Undergrad: 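Please read through the structure below; I'll follow up with questions.
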Amino acid sequence: QKEVEQNSGPLSVPEGAIASLNCTYSDRVSQSFFWYRQYSGKSPELIMSIYSNGDKEDGRFTAQLNKASQYVSLLIRDSQPSDSATYLCAVTGGGNKLTFGTGTQLKVEL
Amino acid sequence: EAGVTQFPSHSVIEKGQTVTLRCDPISGHDNLYWYRRVMGKEIKFLLHFVKESKQDESGMPNNRFLAERTGGTYSTLKVQPAELEDSGVYFCASSLQTGVTEAFFGQGTRLTVV
């Protein structure tokens, strides 16, 4: 079992719709959770961090964390073509080492 | 403010040769990390510096890999001798503080060993 699991996609959504990206993790001591966005050939860009159960909203992005279910998600409202990218879920277990999933490719279609 | 910068962006070398990758972290960031993504796999941790000291090198694959951070500023990652399986994208990241904090990544060095 992988430590951090994501559906590789591609996940296709129409422009203006809500994109829902999901991630599960296996280590119950995981404490910090991050979503990175990566365009092809570019660096991973941090877009959201979440540390406690519940929802955290930043603009069109909402991160949701459920530690009991070992589940973290990212919602993107009013999806735009510029949101098309690979979204990487990453977790830490109290230290600084990030453990990544393989990423979900999102395609926002006109 | 400049982000994390890495040199070179691409490198193609023959098996058995040596390659040195460089990372310049964000100014003032004491924490510097190296990660690697091989084709089809997830990004994996290699090691973590706090200033010039190696805090965690549990992800280094073998003794062909040597990372240094002299003076606690930029870092180098040397692969000697390179093998075919070393091909991938090597990312550097930096963060301001040790502990629960956010890391910022460079654009990566794509290494191809032929």
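FYI, side chains are in, hydrogens and waters are out, and symmetry mates aren't considered; it's all heavy atoms of this structure. Keep in mind the model is a prediction, meaning the values are calculated, not measured. Letters go in sequence order (proteins before strands), and every chain restarts at 1.
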Undergrad: Please identify, among B:Q107, B:K44, B:Q55, the residue contributing the most non-hydrogen atom pairs under 4.5 Å to chain A.
TA: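 Option with the greatest count: B:Q107.
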
Undergrad: Examine B:Y35 together with B:F105 and report whether their ring centres are nearer than 6.0 Å.
TA: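 They qualify: ring centres under 6.0 Å apart.
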
Undergrad: Would you say A:I76 and A:L21 make side-chain contact, with heavy atoms under 4.5 Å?
TA: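 Contact flag for A:I76/A:L21 side chains = yes.
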
Undergrad: May I ask you to list the residues in residues 97-110 of chain A that approach chain B closer than 4.5 angstrom, counting heavy atoms only, ordered by number?
TA: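 Near chain B, by residue number: A:K97, A:L98, A:F100, A:G101, A:T102.
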
Undergrad: Just do the side chain to side chain donor-acceptor pair (under 3.5 Å) check on A:Q70 and A:R28 with the steps written out, would you?
TA: CA-CA 7 Å; A:Q70 296 175 240; A:R28 285 196 168 273; 3.1 Å; yes

Undergrad: Please flag which part of A:Q38 lies under 4.5 Å from any non-hydrogen atom of chain B: side chain, backbone, both or neither.
TA: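 Only the side chain of A:Q38 comes within 4.5 Å of chain B.
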
Undergrad: Can you check whether A:T62 reaches A:R77 side chain to side chain, under 4.5 Å on heavy atoms?
TA: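 Of all side-chain heavy-atom pairs linking A:R77 with A:T62, at least one is under 4.5 Å.
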
Undergrad: Pick one of side chain, backbone, both or neither for B:A93, based on which atoms fall under 4.5 Å of a heavy atom in chain A.
TA: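 Nothing of B:A93, per the 4.5 Å heavy-atom cut-off to chain A.
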
Undergrad: Taking the ring centre of each residue, are B:F49 and B:Y33 less than 6.0 Å apart?
TA: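 Distance test on ring centres: not under 6.0 Å, no.
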
Undergrad: Return yes if some donor-acceptor pair links the side-chain N/O of A:N53 with the main-chain N/O of A:K67 below 3.5 Å, else return no.
TA: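 Confirmed, A:N53 side chain pairs with A:K67 backbone.
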
Undergrad: Is the Lys NZ or Arg CZ of B:R37 less than 6.0 Å from the centre of B:F91's six-membered ring, within 45° of the axis?
TA: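 No; the conditions do not both hold, so B:R37 does not lie above the ring face of B:F91.
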
Undergrad: Can you tell which of A:P44, A:S49, A:G41 has the highest number of heavy-atom pairs within less than 4.5 Å of chain B?
TA: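 Ranked by heavy-atom pairs under 4.5 Å with chain B, first place is A:P44.
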
Undergrad: Ignoring hydrogens and angles, state whether a donor on the side chain of B:S9 or B:R110 is under 3.5 Å from an acceptor on the partner side chain.
TA: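 No donor-acceptor contact under 3.5 Å links the two side chains.
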
